[in-house]
Each structure stands twice: as C-alpha cells, then as structure tokens.
Colleague: 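My structure is below; once you've seen it, I'll send some questions.
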Amino acid sequence: MRVSRLMLVTLREDPAEAEIPSHKLLLRAGYIRRLAPGIYAYLPLMWRVLRKVSQVVREEMDAAGALETLLPQLQPADLWRRSGRWAGYTAGEGIMFHLQDRQGRELGLGPTHEEVITTLAADLLRSYRQLPVNLYQIQTKFRDEIRPRFGLMRGREFIMKDAYSFHADEASLAEAYAAMDRAYRRIFARCGLRAVAVEADSGAIGGSASQEFMVTAEAGEDLILASPDGRYAANQERAVSLPTAARPLPGGLRRGGAGEPLATPGEATIEQLCAGHGLDPSQVVKVLLLLARFEDGAGQPLLVALRGDQQLNDVKLANAVSARLGAEHGALLDLSAITPELLAAQDLPQLPFGYLGPQLDDRLLAGGRSWARGFLRLVDPTAAELEAFVCGANQTDQHLVGASWSGLELQPDVVDLRAAQPGDRCCHDADQRLEATRGIEVGHIFQLGRKYSTAMEACFTTETGSSEPFWMGCYGIGVSRLAQAAVEQHHDANGICWPLAIAPFEVLVVPANAADAVQAELAEHLQARLEEAGVEVLLDDRPERAGLKFKDGDLLGIPWRVVVGRGAAEGRVELVERAGEGSLDLPADALVDHLLPRIRRQRRGLLED
RNA sequence: CGGGAUGUAGCGCAGCUUGGUAGCGCACUUCGUUCGGGACGAAGGGGCCGCAGGUUCGAAUCCUGUCAUCCCGACCA
C-alpha cells in the first residue's frame, strides 16, 4: 500500500473533543473520525487494526471449539419482555435504542444478544446429546450511553465479540467458562496487551460467577484493587477487604443501649460531630436514606447504615436491594438520595438530615403518596458489629451516645455494603494490603446459570427424559475498545506504538527524498521483497520532506520503519523500531533476512509458549 | 438529571466588553526556493459567525428563546 493512496489525513494539533492520549492519537493519526457523540467512522487504517483484532479473537474462539454466527441487530421487544429486561433496558438506565416500525411494532437495537440466542437455542437444541454448544459473533452493538466519551472507549456504537454457551449441567458450564478464561488470556497476550483478570460484579447481565479482563492504563475508567502477592484482584465495585478495627466507644453502653442524648448543635456531618466531641468516625453509625425505583413503578425508601469511617458501595447496595425486592417489583431502575424536595413531593414531613439514626420510625412514611410505607433497612457488618455507638437521635441538633442495636430494639439485616479502599488489608491474608490500579475493561466472562433459559423457557431433554432449562454462559470482548486500549498502553510523546500483531501495517518504508530516483527505486524494490516474504508494507511515496514523513510515521505507529536515504546509492538502508531506540544501518540486501524472524516472533504478541 | 462552559472556514482559535458588514495559525490549490525530524516566500480558494425572533439606520457583537456540543457531578446530609 502507498500512503499517497491511503486517504491519510493527519492533524498537527489535538482536536478539542479528545481528552485522553489514545483518543487524541487515533484522531490525529487519521484512524477515526467522529460523526456524532459516541459514533465514529473507522477509517481504512483503523479498519485494518480492527480486522486484525477480530482475526485473533476468531482464531482463539474457533480453537476453543466455539461456532461463529451472525445474529440480527434489530430485535423485537417481545423477546426482551419475556426475559424481563425490556423495561430495565429502555426506561431505567435507558441503554437500549428502541423504536417502532410502521405497524407500531416495538423493536430494539441490540446492546447484547442473550434473548435472541436463547430463543434460537430453545428452537434448535432439543437434546442433551447436542450439548454443549458455544456460539459467538463479532458485530456492531448499540448502547445509548448517557455520556459517551473517550472515543471508541465508551461509544454508542461499537464492535463487540459476544459468545453464548449452552450446557446440560453446571459442571459443563464451568468447563466452558475455564476454556474461555484461557482463550481470553491468549487473545490479549497475542494482541500485545498486558491484561489482568479480576473478580467483577455481574451488573445488568446478571448471573453468578463473573470475571473481567482489564488492560492496565492510567486513563482506565475502572479502579482495580489487587493484592501485591497476585492472589486477589477485583473491580472496586466488587472488592472485599478487612475493615480497620473500630475504636471502642469510651463509656460503652448508656441506658442499656438506648443511648444518652448529646446536644450537637450545628454538627450535621460526621467530621463536625467527631471534632466537636473527641469522637472517632469508627464509633459512629452513619445513616443514608435512598430511594429505590422499580420497573413496576414502586418507590422503596432505603435506610442504609454504615460505620462512620466507611464508604457506601452502591453496586453492592443495588445488588442487595434487587435480591430482596426484585422478585416482587421487577428490575431495579434507579437508586438516588432522598432529598427534602422528594419528601415534599410525597407530602411527607421533612426529616432531620444530618441527625438521622437507624431507629428512624417507619411511621414517618405513613402519609406518602406513592412510596412504600416502611424503610428497607440494610446494615453493613462494620456498623452491625459495633457494641456501642454514636448515632443521630432523629432530632435536629441531637445525637445519641452509647446506643446499641438491641438497645434501640433493632434487628439489623446485615449485608456487605462497604466499598473496599486501597490500603485495606486483604481477606485472604491480613498482611497484604490492597493496591489500586486503573484499568480498561476489555473482556468480561459470566456464568449466567439458568436465569435466561428459565425466563425464556429454553429447555432441552435430559438423558432421563425430563425437560430442563439450559445452563448458560456468556463471554464478551470489546473489539473496538480493545484496539484503543492498545494505544492507551502503547504510545509515547510522538505517537502510537502498535503491538505488531494488531498494527495496520508491519513495516513502513520511507524514501527520504522521493525525488531521488535511486531512493524511490530501492524503496519500491524493498517493498516488493518484503511483500513477497508475506510482510505487510506501507510505502510513504509522498513528495514530502523527510522530516514530515518521519513525524507522520511516528504518529501512525507502524512497528518497523525502513528509511531509504543517503545510503541508498551504496545499497544501504536504515532500520528503526518504533517502540525502541536508535537505528540500525544495514545493506538493503540483508533487510528481509534481518527483519523476518523478528516480525514472526512479534506476530505472537506477548504469548510465551 | 444537576452544575459549568462553548458554538465564527475542514481542524485549532481571536474578534463580542465599547454594534459599522470577518480575521490568525494549521490544512487545501498554484508558482518559486528548499529537501534526514511537522521548511520559506508569493499568490489564491473556502464562512447564512449554530438556529429563530427582537432592539437598531445598521447585529458575529446587545436582548429573548431554542438547538447542539464539551467538561464535572449524579454518593456518605
């Protein structure tokens, strides 16, 4: 390929729309163009990268015994209603683009394909003899992100590989899950990415076991907490740790645990309270009021209690709330703080925010318009384990000292709700402390279990003749996101440094002076020789000055550059590795033999065996 | 959804306070000189100044509305 025929447009300045290095570089180097927020055109260079990533994914999925398919992107609402996800995906997080056709039929643009694939499986897979099956596709997915950003990282339209496996029993599912784990590690290694596998929340997809694959990078949107010994790594949404010990409350219980009033005028925050009375935050029970909104329209007030020095993990909270009320009210759409405005809209009395205690009376909700009449009360273990604590008295400017759960006549519903923090001691070894890294989620594997197959009545006949729902797994890789993550991990001040396995071309041949017939001829000769050897070559044949072509070459990030310049008359060329330092002057005749073994090795990425 | 900001040439921006009919850099076209790390000079093309309404003799500039885009937040009271 010649640069003059490539429709290459590079930018000298950073486009205003880009924030992070990979986004800026992909725009500047002419890989992508934005058409609308979160919607990008993949220009020819980018498409070559995406095809290479896809090919690696395809080869490893095929090797793991999966079958490639292509499923519809337009999906009938009906299917999503049967799985119970239509409302959650269109109303709540509103992540699904949906529309009506001329007959008024409702359709959605697929953000994922569990419903479609499960329907097909139910149709086609009738017997345990046909199992297990693992189907995958690589195609464009649609998600109406509230706030698309970072280019391909969080787009509204993006390329994804998604796979779905069907099994007769749980053990078979576990095998496929392990096989996908191995395949994923090979895929990321082959693409030249340093990735870590972390325990993850299963999120909106649901199910039991799940693991994310994170490309470590500063610009990552996720926080990973990991132990230095490498035995534990988890997304912060999911991470667990040992809390620090609480400092015992001097004086212990007062009034048998009912607590003694303490005047605390103007001390509405834990900080102020502690400063005013010589308390430690770990001696305080903090109360948060939130409202859970459900698919069926129900509004459920939540009263969440945490130890004063701990932070709420809202993903854990959402999971706990769904587990308790999801069956009754359908999908949890939203969690938000209860505000004076919300109380007023319900015609409820105002509450003494800043002075709330866990003993807040349900009767305060009695006159509400639409909310449930009582709080769902959840208590984190750090708070539940306090023998004697300080809490709000549910009266402005008043707290209680020396209260206890039994003394307040409460029976806490205890559930892990606290956010693990960097520096916390690890559960598996209290001598290890969690360290934080940022990561970009590029893959996620789930053991779904029988959630979708049950909802969609997708069953097969077992060996004994009974009918049972499939065991299912699902496995995703963000192909376009992976490509950008590679840039995020592999760039320098001058531009991109693609891992060779996914680079748009393997070698860039640059005649320093295109007007020099000797140089031009040698450059074309080398291009031909390399291509004969199966190497992907880009020739910069533009009549530009050498400096400009070098700058563009750095920006583009092609792993090897062959400069045909001053030495051309003596048959010598210069070889530069983009990610390396220095250069090598060698005879043009020796180039192919020198380069080929190196390129062959680099095509394997970081794969070790 | 809440807060903040910005819409002027393909891209990055100035001009707006103090109204007088649009400018700079990059990119693009032509010519010349250059030619190993984003050259220089000359000449040129390209704008409904986001959109709508208003004020005014006159609006990129002032007022109102609207649309769009970007950033921060959506969590501890």
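Lettering of chains follows the sequences in order, A, B, ..., and the numbering in each one begins at 1. Here the structure is a predicted model, which is why all the values come from computation and not from measurement.
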Colleague: Counting Watson-Crick and G-U wobble pairs only, both distances under 3.5 Å, name the nucleotide matched with B:C76, or none.
Modeller: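 Its partner: none found.
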Colleague: Strictly by Watson-Crick or wobble contacts shorter than 3.5 Å, is anything paired with B:C40, and which nucleotide is it?
Modeller: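 Base-paired to B:G32.
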Colleague: Give the nucleotide from the list B:G38, B:G36, B:C75 with an atom nearest to the side chain of A:Ala337.
Modeller: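 The closest nucleotide is B:C75.
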Colleague: With heavy atoms under 4.0 Å as the rule, sort A:Gly565 into base, sugar-phosphate or nothing.
Modeller: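 It contacts base atoms.
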Colleague: Go ahead and name the base partner of B:C24; Watson-Crick or wobble counts if both distances stay under 3.5 Å, otherwise write none.
Modeller: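 WC or wobble partner is B:G12.
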Colleague: If you measure from the Lys or Arg side-chain nitrogens to the Asp or Glu carboxylate oxygens, is any gap between A:Asp554 and A:Arg561 under 4.0 Å?
Modeller: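 Yes.
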Colleague: How many whole angstroms separate atom NE2 of A:His23 from atom C1' of B:C71?
Modeller: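 Spelled out: NE2 on A:His23 to C1' on B:C71 is 14 Å.
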Colleague: On RNA chain B, nearest-nucleotide positions of A:Leu11 versus A:Arg33: which is more 5'?
Modeller: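 Looking at RNA chain B, the more 5' nearest nucleotide goes with A:Arg33.
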Colleague: What interatomic distance, in whole Å, is found between P of B:C71 and the corresponding atom of B:C26?
Modeller: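 Here B:C26 and B:C71 have their P atoms 28 Å from each other.
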Colleague: For B:A59 and B:G53, measure between their P atoms and round to the nearest Å.
Modeller: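 Approximately 13 Å lies between the P atom of B:A59 and that of B:G53.
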Colleague: What is the separation between atom CG on A:Asn494 and atom P on B:G36, rounded to the nearest whole Å?
Modeller: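 For the pair A:Asn494 CG and B:G36 P, the rounded distance is 19 Å.
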Colleague: Can you measure A:Glu271 atom CD to B:A77 atom P for me and round it to whole angstrom units?
Modeller: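 Distance, rounded to whole Å: 9 Å.
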Colleague: Can you tell me how far P in B:G7 sits from the matching atom in B:G12, rounded to whole Å?
Modeller: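 It comes out at 12 Å once rounded to the nearest Å.
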Colleague: Do the charged groups of A:Asp540 and A:Arg2 touch, with an N to O distance under 4.0 Å?
Modeller: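 Answer for the salt bridge query: no.
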Colleague: Does atom CD of A:Glu218 have more than 12 heavy-atom neighbours, drawn from other residues, nucleotides or ligands, at distances under 6.0 Å?
Modeller: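 Open.
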Colleague: Do A:His277 and A:Glu267 pair up side chain to side chain, a donor and an acceptor below 3.5 Å, judged on atom types alone?
Modeller: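 The answer is yes; a qualifying pair exists.
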Colleague: Can you name the nearest heavy-atom pair linking A:Trp371 to A:Pro301, along with the distance?
Modeller: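 It is CE3-CG, 3.8 Å.
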Colleague: Using a 4.0 Å heavy-atom cut-off across all strands, classify A:Arg28 as base, sugar-phosphate, or nothing.
Modeller: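 Answer is base: heavy atoms of A:Arg28 come under 4.0 Å of a base.
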Colleague: May I ask you to evaluate whether A:Arg34 reaches the phosphate of B:C70, defined as a side-chain N or O under 4.0 Å from OP1 or OP2?
Modeller: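 Result: yes.
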Colleague: Please classify the nucleic acid contact of A:Asp552 as base, sugar-phosphate, or nothing, using heavy-atom distances under 4.0 Å.
Modeller: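 Base, at least one base atom sits under 4.0 Å.
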Colleague: Compare the aromatic ring of A:Phe353 with the six-membered base ring of B:A77 and state whether they stack according to the 5.5 Å and 30° rule.
Modeller: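 It does: the two rings, one from A:Phe353 and one from B:A77, meet the stacking criterion.
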Colleague: A:Gln421 has an atom CD; how far is it from atom C1' of B:C76, in whole Å?
Modeller: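 Spelled out: CD on A:Gln421 to C1' on B:C76 is 12 Å.
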Colleague: Have a look at A:Val563 and say if it touches a base, only the backbone sugar-phosphate, or nothing, with a 4.0 Å heavy-atom cut-off.
Modeller: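 The residue A:Val563 makes base contact.
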Colleague: Using the side-chain heavy atoms of A:Asn513, tell me which of these nucleotides is nearest: B:G36, B:C35, B:A77.
Modeller: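 The nucleotide sitting nearest to the side chain is B:C35.
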Colleague: Tell me the partner of B:U6, counting only Watson-Crick (N1-N3 plus N6-O4 or O6-N4) or G-U wobble (N1-O2 and O6-N3) with both under 3.5 Å; none if nothing fits.
Modeller: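 Base-paired to B:A68.
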Colleague: Just the rounded figure in Å: distance from P of B:A77 to CD1 of A:Ile338.
Modeller: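 Rounded to the whole Å, the gap is 15 Å.
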Colleague: For the base of B:G12, is there a side-chain donor-acceptor partner from A:Asp14 under 3.5 Å away?
Modeller: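 Such a pair does not exist between side chain and base.
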Colleague: In terms of side-chain heavy atoms of A:Ala16, which of B:G37, B:G38, B:G12 is nearest?
Modeller: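 Shortest atom-to-atom distance from the side chain points to B:G12.
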Colleague: Can you check the distance between B:C48 and B:U61, where both ends of the measurement are the P atom (answer in whole Å)?
Modeller: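 Taking atom P in both B:C48 and B:U61, they lie 16 Å apart.
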Colleague: What is the distance, to the nearest angstrom, from the CG atom on A:Leu289 to the C1' atom on B:A77?
Modeller: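 To the nearest whole Å, that distance equals 9 Å.
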Colleague: Are any of the side-chain nitrogens in A:Glu19 or A:Arg149 under 4.0 Å away from the carboxylate oxygens of its partner?
Modeller: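 Not counted as a salt bridge, because no side-chain N and carboxylate O are separated by less than 4.0 Å.
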Colleague: Could you run through nucleotides 25-34 of chain B and give me one letter per nucleotide, 5' to 3': B if any protein heavy atom sits under 4.0 Å from the base, S if only the sugar-phosphate is that close, - if neither?
Modeller: BSS------B
Colleague: With the side chain of A:Pro37 defined as its heavy atoms from C-beta on, choose the nearest nucleotide among B:C70, B:A77, B:C76.
Modeller: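 Nearest nucleotide to the side chain: B:C70.
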Colleague: Using the P atom on both, measure B:G47 against B:G36 and round to a whole Å.
Modeller: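 My reading of the P atoms in B:G47 and B:G36 gives 38 Å.
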Colleague: Is A:Arg149 touching bases, backbone alone, or none of the nucleic acid, heavy atoms closer than 4.0 Å?
Modeller: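 Sugar-phosphate: the residue A:Arg149, judged by heavy atoms under 4.0 Å, touches backbone atoms but no base.
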Colleague: In this structure, how many angstroms lie between the P atom of B:A68 and the CD1 atom of A:Ile39, rounded?
Modeller: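 Nearest whole value for this atom pair: 14 Å.
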Colleague: Taking atom P in both B:C76 and B:A68, compute the distance separating them and give it to the nearest angstrom.
Modeller: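 Each nucleotide's P atom is 30 Å from the other's.
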Colleague: Judged by each residue's nearest nucleotide on RNA chain B, which is more toward the 5′ side, A:Glu574 or A:Lys286?
Modeller: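 Mapping each residue to its closest nucleotide by heavy atoms, the 5'-most match is A:Glu574.
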Colleague: Tell me whether the side-chain N or O atoms of A:Gln311 pair up with the base of B:C76 as donor and acceptor below 3.5 Å, since no angle test is needed here.
Modeller: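 A donor-acceptor contact between them is present.
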Colleague: Nearest 0.5 Å please: distance from the CG atom of A:Leu152 over to the OH atom of A:Tyr40.
Modeller: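 If we round to the nearest 0.5 Å, A:Leu152:CG and A:Tyr40:OH are 7.0 Å apart.
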Colleague: Taking the P atom in each of B:G46 and B:C63, what is the distance between them to the nearest angstrom?
Modeller: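 Pairwise P distance, B:G46 against B:C63, rounds to 33 Å.
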Colleague: Considering only the C1' atoms, how many Å lie between B:U8 and B:C49, rounded to the nearest integer?
Modeller: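 To the nearest whole Å, 4 Å.
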Colleague: Decide salt bridge (charged side-chain N to carboxylate O under 4.0 Å, His left out) for A:Arg238 and A:Glu199; before the verdict, give the C-alpha distance in whole Å, the side-chain angles of both, and the deciding distance to 0.1 Å.
Modeller: CA-CA 7 Å; A:Arg238 157 85 186 222; A:Glu199 285 182 19; 3.7 Å; yes
Colleague: What is the separation between atom CG on A:Leu417 and atom P on B:C75, rounded to the nearest whole Å?
Modeller: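 Computing the A:Leu417:CG to B:C75:P distance gives 15 Å.
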Colleague: Testing the basics here: between A:Gly495 and A:Leu25, what is the closest heavy-atom pair and its distance to 0.1 Å?
Modeller: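 It is CA-CD2, 3.7 Å.
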Colleague: On the ring face of A:Phe375, is A:Arg377 found with NZ or CZ under 6.0 Å from the centre and within 45° of the axis?
Modeller: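 No; the conditions do not both hold, so A:Arg377 does not lie above the ring face of A:Phe375.
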Colleague: Side-chain donor or acceptor of A:Arg561 under 3.5 Å from a matching atom on the base of B:G36?
Modeller: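 A donor-acceptor contact between them is absent.
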